[in-house]
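The basis for the numbers below is simple: all heavy atoms, side chains too, and nothing from hydrogens, waters or symmetry mates.
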Amino acid sequence: MTRLLALIVALVFAVPAYAGSTPATNANITQAGADALKPKIVDAISYFAATMQKSGVTLKQEGDVLVEPAGTYYAVTSPNISLLMPGNITRTVGMVAINAIPTDDPNVFKVAVALPTPMMDTDETGKQVGSLSIGQQTMNGLWNMAAAVFLEMNGSYKDVRIKNAGQGLDVGIPMMTLTSKLTQNGKMWQGPAEAVITNYTHKDAKGSYQVGSLRIRTDVRELDLNAPARATSGTGMNAMQALFSDYLTRYANAVDATIAADNIAFQNPTRTGTIKTGTLQTSMKNLRGDTSDATWNLGLDGITSGNADQIRFTPTRAAMKGSGNKVPVAALSRIVEGGDTWMQILGRAGSTVNIENLVVDAPAYGMDAKGNFKADTGAPLGGIGDLNISLRGLQELNAWLASGQASNVVGVNMLPPQVLAGLAIVQMVGKDGKDAQGRATKTFDLKMSEDGKILVNGADMSAITATAPSLLLKPAGPR
């Protein structure tokens, strides 16, 4: 997804709304009103330019913002916009057209927005290397000029196509809809926002994948447009991350979110497969504080592999339910290259994580686990905790991993050799048991101690995991 479309999707979740604002009766559209609106449009463009700059994208403008009275509305035209992106690629966006109607709130306008199409990507020599086109589009909503965010929104984009010749990229979005409707609750605002993409397709030099439906829904609470801006530092965040960071840690204090996808299929030279459904539900509160609390529930079902040698070892379902306390959301959302790792940030906050249930189920093996972890910068392993694991089919799994046939399975080829070797050794200390279906299992009680030891059913396994501290705690690069 291009940064421009990511920006549109991100705006859905930046919607502290004046739902009570209505178009002013017999609005007086005057030149004085146009002159007053112009600096507000300029400020909004400057806000998005600063946000995109954090990801290394420079928004350039040629010309001036035009605001003219046009009967019952103001006709707004942006400067000629281009984006200078990483890799010396320039995206020529063009001029964005906006029709704006005043409401009974002087800071809120009812707007209709049209993006230019097509947008062309060129390299440093001026050669065209890509494009973004939109077949049909409508975008109507309420725009808060003071906060520089969309308010109530209804948007529809059809036949979106993104191409990049150098990467062999071809992305198709037949339909994308964006909606939001928030209401006032005292001095705060609350309500839902949703983005839906149908029949998404993605092809590049490495392979392809398709998603039948992707739905992202948020229900936000305690929205405060007057909340002071947080200080930001560093670069490296993409534009979507920068917008979410500001929204989730400045305006909103609580949010429930659901991401649901179905009929996912992927193909590349070494593996093919499908996922029938995938869902992530999460709830976060106290987002404006230094630390927040969160719960999550992740599920993947109907997973299949098109590779005969991987079918028995491909999980048919996976699920994880858990919670976190004292999580520094603002700090985590601003992790940058060369800065602290997520483990260091969690450790300073004294964050805790509870895994209520972790399930992986494949024909040849299975896993059930639950446990707790507390991050601590003073602990050699970055924290202390315990984990209870029940494994089915461990011996067959170890034999398969040792055979090398797992090298093309997603995730397995990224495991360090210590993990694979450790599994073979750890199985010797497992306790015999049975799962709910009466199948034989090995159970393990893992403990991470304050002195850096890892105990498995009472046996010290620290030597196997000697690289863990360096993997978890060292910074991503020089500061």
Side-chain angles (χ1 to χ4, degrees), residues 3-5 7-12 14-53 57-84 91-120 132 134 136-157 178 180 225-226 229 239 243 246 251:
R3 284 183 171 85
L4 190 60
L5 283 179
L7 187 61
I8 295 169
V9 175
L11 287 172
V12 176
V15 287
Y18 287 97
S21 297
T22 56
T25 303
N26 298 320
N28 189 14
I29 305 299
T30 65
Q31 185 59 51
D35 293 341
L37 176 57
K38 180 177 177 177
K40 297 178 181 180
I41 298 293
V42 171
D43 288 345
I45 295 175
S46 297
Y47 166 76
F48 288 118
T51 298
M52 301 187 82
Q53 189 66 58
V57 176
T58 300
L59 188 153
K60 298 192 69 175
Q61 305 176 56
E62 293 182 8
D64 197 6
V65 171
L66 298 178
V67 183
E68 301 171 309
T72 58
Y73 62 91
Y74 292 108
V76 180
T77 307
S78 77
N80 235 316
I81 294 174
S82 60
L83 305 177
L84 303 182
R91 171 160 299 151
T92 302
V93 176
M95 294 181 289
V96 178
I98 303 172
N99 294 341
I101 302 174
T103 71
D104 55 10
D105 187 315
N107 282 322
V108 179
F109 284 73
K110 182 179 180 180
V111 298
V113 182
L115 298 174
T117 182
M119 306 176 200
M120 299 299 179
L132 183 157
I134 304 171
Q136 300 178 45
Q137 59 176 304
T138 59
M139 172 64 79
N140 301 287
L142 294 176
W143 177 263
N144 185 306
M145 297 293 176
V149 292
F150 257 114
L151 307 177
E152 183 177 326
M153 178 190 292
N154 284 282
S156 173
Y157 294 86
L178 312 172
S180 66
L225 284 181
N226 297 315
L243 280 169
D246 186 62
Y251 293 128

Please examine the side chains of L178 and M139, heavy atoms only from C-beta on, and report whether any two atoms are closer than 4.5 Å.
yes
When you compare the side chain of I29 with that of P102, does any pair of heavy atoms fall below 4.5 Å?
yes
Using a 4.5 Å cut-off on heavy atoms from C-beta on, say whether the side chain of I45 contacts that of L59.
yes
Show the nearest heavy-atom pair for residues K40 and N107, with the distance to one decimal.
NZ-OD1, 3.8 Å
Does the side chain of I98 come within less than 4.5 Å of W143's, by heavy atoms?
no
Considering all heavy atoms, the nearest F109-A100 contact:
CD2-CB, 4.0 Å
Checking S156 against Q137: is there a side-chain donor and acceptor pair closer than 3.5 Å?
no
Can you tell me how far OG1 of T103 sits from CG of L142, rounded to the nearest 0.5 angstrom?
7.0 Å
Which atoms form the tightest heavy-atom contact between K38 and D64, and what is the distance?
NZ-OD2, 2.7 Å
Tell me whether the count of non-hydrogen atoms from other residues, nucleotides or ligands lying under 6.0 Å of CD in Q31 goes above 12.
yes
Taking only distance into account, with no hydrogens and no angle test, what donor-acceptor pairs under 3.5 Å do side-chain atoms of residues 74-84 form with protein atoms, sequence neighbours excluded?
| from | atom 1 | to | atom 2 | distance (Å) |
| --- | --- | --- | --- | --- |
| Y74 | OH | T30 | N | 3.2 |
| Y74 | OH | T30 | O | 3.4 |
| S78 | OG | V96 | N | 2.8 |

Give, for atom CG of N140 and atom CD of E152, the distance between the pair rounded to the nearest 0.5 Å.
10.5 Å
How long is the span from the CD atom in Q53 to the OG atom in S46, to the nearest 0.5 Å?
12.5 Å
Heavy atoms of other groups near M95 CE, more than 12 under 6.0 Å
no
